[in-house]
Amino acid sequence: MTRFGTLQEQDVPLITLRSDTGLVAEVIPHGARLVRLRVPDRHGHPVDVVLGHDDLQGYLDHRTYFGATCGRYANRIAQGRFVLDGVEVQLDRNEGPNHLHGGRAGLDSKLWQVTDTGPTHAAFRTTSPADEMGYPGRLEVTTTYRLTGNVLDITMTARTDAPTIVNLVNHAYFNLSGRGEILDHVMEVPADFYTPVTEDLLTTGEVRPVQGTGFDFRQPRRLRDAMAGQPDLADGWDHNWCLCGPLAGDRLHRAARLHAPDTGIVMDITTDQPGVQIYTCGQMKTPVPGKAGRHYSRFAGLTFETQTFPCAPNHLHFPSARLDPGRDYRHAMRLSFHAD
């Protein structure tokens with residue numbers, strides 16, 4: 001393991017995972033984070049398909065959530081409030097009046113413990129004490145990365161000692177070209193419905209059909225084409241799709257497919273979660289320093305945050321995010337790659 005930086009007077013290792021097909025993933029325990037993912041293009045040349053920084057200091061200086069395990073509750077909760085068993089819970093409000101990605105001291109900001117490593121896998125564990133960022137219950141959390149052939153599996157688990165809510169996501173930003181914008185990428189999302197948002201990007205509780213909108217990716221569409229003539233999508237997407245994709249094995253169902261025509265790289269995402277939040281960096285108005293002297297700005301990448309729905313504790317018709325003692329939370333996300 002290579003030293004990636006120092007945090008809290010502790011060395012932060014860079015752990016490299018390699019598969020026999022050329023996939024190389026690099027992860028660090030700060031935020032149980034994916035910092036690089038090299039995938040062979042159609043000519044066999046490796047392309048780093050995730051945004052990030054070259055060293056730990058970049059992640060400390062810029063709260064972009066690049067590659068991190070986010071939670072306890074990823075995405076937004078309006079006013080940072082919800083009711084659990086008749087008691088109002090007030091969470092940290094770190095995005096104006098609202099709660100985002102677990103708060104100012106969410107899981108992405110923690111230095112996790114490395115519990116297991118091997119040539120193709122790495123496992124991390126951390127604890128969120130009761131009342132941290134306002135959350136009830138003490139939460140034990142794990143994240144595991146595993147390479148098998150052309151597949152990267154990301155598995156997140158949690159257990160609590162008191163009733164609470166949990167919604168963990170991996171927040172990697174993807175660019176299958178390795179540089180430039182992602183607007184010429186082609187995307188497919190097997191979802192008939194999505195959850196609209198307010199101007200503050202808070203879900204309204206509605207569930208609307210994608211038919212005839214800029215959210216209809218049931219057939220492959222170039223992102224630039226889907227935005228054309230849609231003034232409400234001038235900044236792209238930061239929305240949740242309600243998944244209905246067919247089963248893809250191992251109790252997973254299809255969440256999305258992304259294709260970069262220039263490199264030929266195709267990424268298929270499968271999950272056991274009911275939704276996927278897709279964010280296309282439209283709100284990244286100020287360029288963020290990235291890898292190898294590059295800067296990331298609008299549309300530099302996009303996320304596929306497989307998840308339960310945003311603000312689910314306040315919309316009881318949404319899939320539940322509740323976790324009780326004695327029950328296991330498990331979130332599986334699988335990234336499969338090939339090049340055409």
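Note that this is a predicted model, so its numbers are computed, not measured. Side chains are part of it too, since the values below use all heavy atoms of this structure and drop only hydrogens, waters and symmetry mates.
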K.L.:
Which label fits Y173 and H171: parallel for a plane angle under 30°, tilted from 30 to 60°, or perpendicular past 60°?
P.N.:
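Plane angle between 30° and 60°, so tilted.
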K.L.:
Could you tell me whether D108 and R63 have a side-chain N and a carboxylate O separated by less than 4.0 Å?
P.N.:
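R63 and D108: salt-bridged.
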K.L.:
Using a 3.5 Å distance criterion without hydrogens, assess whether the side chain of D200 forms a donor-acceptor pair with backbone atoms of L202.
P.N.:
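Such a contact is absent between D200 side chain and L202 backbone.
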K.L.:
When you look at CZ of R18, are more than 12 heavy atoms from neighbouring residues, nucleotides or ligands closer to it than 6.0 Å?
P.N.:
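Not buried by this count: 12 neighbours or fewer within 6.0 Å.
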K.L.:
For A255, does its backbone N or O pair with a side-chain atom of T271 as donor and acceptor, under 3.5 Å?
P.N.:
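Flag not set: sc T271 to bb A255 has no pair under 3.5 Å.
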K.L.:
Between R251 and D272, does any side-chain N to carboxylate O distance fall below 4.0 Å?
P.N.:
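Not counted as a salt bridge, because no side-chain N and carboxylate O are separated by less than 4.0 Å.
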K.L.:
Under 3.5 Å, is there a donor-acceptor pair linking the side chains of H62 and Y296?
P.N.:
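Result is no, nothing qualifies.
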K.L.:
Mind checking whether H53 and F66 have parallel, tilted or perpendicular rings, split at 30° and 60°?
P.N.:
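Tilted: the ring planes of H53 and F66 meet at 30° to 60°.
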K.L.:
Taking only Lys NZ, Arg NE, NH1 and NH2, and the carboxylate oxygens of Asp or Glu, determine whether D153 and R146 approach each other closer than 4.0 Å.
P.N.:
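Salt bridge flag = no for R146 with D153.
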K.L.:
What is the ring orientation for H331 with Y329, classed by angle as parallel under 30°, tilted 30 to 60°, or perpendicular over 60°?
P.N.:
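Because their plane-to-plane angle is over 60°, the rings of H331 and Y329 count as perpendicular.
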K.L.:
Mind checking the NZ-CZ spacing from K291 to R36? Nearest 0.5 Å is all I need.
P.N.:
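Rounded to the nearest 0.5 Å, the NZ-CZ separation comes out at 5.5 Å.
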K.L.:
Are side-chain N/O atoms of N150 and T21 paired as donor and acceptor at under 3.5 Å?
P.N.:
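T21 and N150 do have a side-chain donor-acceptor pair below 3.5 Å.
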K.L.:
Sort out for me which residue in F215, F217, W237, F309 forms a ring-ring contact (aromatic ring centres under 6.0 Å, His included) with Y194.
P.N.:
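One option only clears the test, and that one is F215.
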K.L.:
Is atom CZ of R224 surrounded by more than 12 heavy atoms (other residues, nucleotides or ligands) closer than 6.0 Å?
P.N.:
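Atom CZ in R224 is crowded, with more than 12 foreign heavy atoms closer than 6.0 Å.
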K.L.:
Between R76 and D238, is there a salt bridge with N-O shorter than 4.0 Å?
P.N.:
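Yes, this pair counts.
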K.L.:
I'd like to know whether CD of E88 has more than 12 heavy-atom contacts from other residues, nucleotides or ligands below 6.0 angstrom.
P.N.:
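Yes, because the 6.0 Å sphere around CD of E88 holds more than 12 heavy atoms from other groups.
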K.L.:
Any side-chain donor-acceptor pair under 3.5 Å between T144 and T155?
P.N.:
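Short answer, no.
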K.L.:
So which heavy atom on A256 is nearest to which on F304, and how close?
P.N.:
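Nearest heavy atoms, A256 then F304: CB-CE2, 3.6 Å.
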K.L.:
If you compare all heavy atoms of T204 against all heavy atoms of E206, which two are closest, and at what distance to 0.1 Å?
P.N.:
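For T204 and E206, the tightest heavy-atom pair comes out as OG1-OE2, 3.0 Å.
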K.L.:
Strictly distance-based, threshold 3.5 Å: is any side-chain N or O of D41 a donor or acceptor partner for the main-chain N or O of G44?
P.N.:
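Yes: the side chain of D41 pairs with the backbone of G44.
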K.L.:
Can you see which heavy atom on D92 is nearest to which on G103, and at what distance?
P.N.:
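Minimum heavy-atom separation between D92 and G103: OD2-CA, 3.4 Å.
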K.L.:
Can you confirm if the aromatic rings of Y65 and H101 lie within a centre distance of less than 6.0 Å?
P.N.:
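Yes, the ring of H101 comes within the 6.0 Å limit of the ring of Y65, centre to centre.
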K.L.:
Checking E305 against N75: is there a side-chain donor and acceptor pair closer than 3.5 Å?
P.N.:
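On atom types as modelled, these side chains do not qualify, holding no pair under 3.5 Å.
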K.L.:
Would you say the side-chain atoms of R298 and Q283 include a donor-acceptor pair closer than 3.5 Å?
P.N.:
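The criterion, which ignores hydrogens and geometry beyond distance, is not satisfied for Q283 and R298.
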K.L.:
Checking salt bridge (charged side-chain N to carboxylate O under 4.0 Å, His left out) between E188 and each of R222, R254, R221, which is the one that passes?
P.N.:
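Exactly one option meets the salt bridge (charged side-chain N to carboxylate O under 4.0 Å, His left out) with E188, and it is R254.
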K.L.:
Using 30° and 60° as the class limits, which term best fits the ring planes of H43 and H45: parallel, tilted or perpendicular?
P.N.:
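The arrangement is tilted - the two ring planes meet at 30° to 60°.
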K.L.:
Quick one: do E132 and K110 make a salt bridge, cutoff under 4.0 Å?
P.N.:
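Between K110 and E132 there is a salt bridge, with a charged N closer than 4.0 Å to a carboxylate O.
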K.L.:
Taking only Lys NZ, Arg NE, NH1 and NH2, and the carboxylate oxygens of Asp or Glu, determine whether R218 and D216 approach each other closer than 4.0 Å.
P.N.:
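Salt bridge: yes.
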K.L.:
Assess whether a salt bridge exists between R138 and E140, defined as any Lys/Arg side-chain N lying under 4.0 Å from an Asp/Glu carboxylate O.
P.N.:
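Between E140 and R138 there is a salt bridge, with a charged N closer than 4.0 Å to a carboxylate O.
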K.L.:
Considering all heavy atoms of both residues, which atom of V166 and which atom of L139 are nearest to each other, and what is their separation?
P.N.:
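Smallest heavy-atom distance, with atoms named: CG2-CD1, 3.8 Å.
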K.L.:
Are D250 and R334 close enough for a salt bridge, meaning some N to O gap below 4.0 Å?
P.N.:
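A salt bridge is present here (some side-chain N lies under 4.0 Å from a carboxylate O).
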K.L.:
Does a salt bridge link D11 with R3, judged by any charged N lying under 4.0 Å from a carboxylate O?
P.N.:
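Answer for the salt bridge query: yes.
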